[in-house]
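These notes are about the structure you will find just below.
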Amino acid sequence: ISICRDLPNIEVITFSVNGISDLEPLHQCQNLSELYLRKNNIMSLDELFYLKALPRLRVLWLAENPCCGPDPHRYRMTVLRNLPSLQKLDNQAVTEEELSQALVDGVEITAPPARKSVENGWSKSSASSAAGATTEPQSELLSCSLEETNKTQEELDMKPVPMDKYSSFSPQETDCSRKKRNNVLNAILLLMKELDAEGLEIIQQTVLRRLQAFQKKELQEE
């Protein structure tokens, strides 16, 4: 998520199921309108402090995080009190009645979450976050189960990827397959900004080997 510090103009971010615990890198994304953070490791609603300064944020999906707590009503009211411009929270439309009720039942967040001291390059909160992430089954993190595929597709349907940019897709591919490929491609392009020349050369060599393997496979099939 730290890459977001270098993307001030980004409008839609999908980081569901990523072990994220810190929303500070998002506070400069002034054009952000949709943010998907379902099933991460966000421990406290104080993290909303970093989203309060985002004037265009209209859609937030924060469900299935520890910060949601045992009381769904209090959680929703607190989010809406601090982010009253939201039009949709956790895939449910926000009503005027809820916004009014949030002023009574919600808790106002006025300060960022306290960060624990850093020891040996790792903060205690980061270490606990990493430990929590390891408890997730590998299949949960590395593969796309039917449930996650459906939810991810539902998220992306709110902001469809322009398919004319990826005209190379075969007509046999399903919508979910295309959107998954778009998601992976976008992530790779963003992460490439973090690489130096040596890293880019490694990527180039790997891509060439992959292309050669695909071409060889196509020839064999013919």
Side-chain angles (χ1 to χ4, degrees), residues 1-42 61 118 120-123 126-127 129-145 148-149 151-153 155-222:
I1 193 173
S2 61
I3 196 174
C4 293
R5 294 191 181 97
D6 300 322
L7 301 170
N9 295 319
I10 195 166
E11 297 180 9
V12 180
I13 297 176
T14 301
F15 276 147
S16 296
V17 198
N18 267 289
I20 290 169
S21 59
D22 177 8
L23 301 187
E24 184 275 333
L26 300 175
H27 81 282
Q28 293 181 349
C29 300
Q30 294 293 297
N31 289 329
L32 188 62
S33 62
E34 300 184 19
L35 177 60
Y36 303 101
L37 294 167
R38 179 181 51 82
K39 195 175 284 190
N40 277 285
N41 197 38
I42 300 169
W61 200 326
V118 176
N120 299 323
W122 281 81
S123 70
S126 297
S129 170
T134 60
T135 62
E136 293 275 4
Q138 271 197 323
S139 59
E140 180 78 22
L141 297 174
L142 301 179
S143 67
C144 201
S145 68
E148 294 303 334
T149 299
K151 287 187 177 180
T152 301
Q153 184 177 6
E155 291 174 4
L156 293 175
D157 277 342
M158 298 176 188
K159 188 84 171 185
V161 177
M163 296 312 300
D164 57 342
K165 293 184 179 180
Y166 304 99
S167 56
S168 61
F169 289 143
S170 66
Q172 289 80 16
E173 286 183 301
T174 65
D175 288 342
C176 186
S177 298
R178 288 195 292 267
K179 288 168 184 172
K180 183 179 178 183
R181 183 188 290 190
N182 290 347
N183 225 21
V184 172
L185 180 59
N186 289 335
I188 291 172
L189 293 175
L190 291 174
L191 291 172
M192 283 178 64
K193 292 181 63 178
E194 299 293 310
L195 297 176
D196 56 13
E198 182 180 359
L200 290 171
E201 287 178 2
I202 294 173
I203 294 294
Q204 182 183 34
Q205 294 169 5
T206 303
V207 169
L208 287 175
R209 286 196 296 269
R210 289 281 290 167
L211 286 173
Q212 291 171 357
F214 278 123
Q215 292 169 353
K216 183 178 179 180
K217 182 179 180 181
E218 289 176 356
L219 290 174
Q220 291 175 344
E221 290 176 350
E222 292 176 358

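A heavy-atom distance below 4.5 Å is found between the side chains of Pro25 and Arg5. By the 4.5 Å heavy-atom criterion applied to side chains, Leu23 and Ile1 are counted as neighbours. You'll find the side chain of Thr206 reaches within 4.5 Å of the side chain of Arg209, heavy atoms only.
When every heavy atom of Cys4 is checked against every heavy atom of Leu26, the shortest pair comes out as SG-CD2, 3.7 Å. Residues Leu32 and Val12 come closest through the heavy atom pair CD1-N, 4.0 Å.
Taken from CG in Asn40 to CG in Asp22, the straight-line distance is 11.5 Å, to the nearest 0.5 Å. Between the CD atom of Glu34 and the CD1 atom of Ile10 there is a distance of 11.5 Å, given to the nearest 0.5 Å. How far OG of Ser2 is from CD1 of Ile20: 10.0 Å, rounded to the nearest 0.5 Å. Between the CZ atom of Arg38 and the OG1 atom of Thr14 there is a distance of 10.0 Å, given to the nearest 0.5 Å.
By the side chain to side chain contact (heavy atoms under 4.5 Å, CB included) test, Gln30 pairs with Leu54, Pro55, sequence neighbours left out.
A distance-only check finds a donor-acceptor pair linking the side chain of Ser33 to the backbone of Glu11 [under 3.5 Å].
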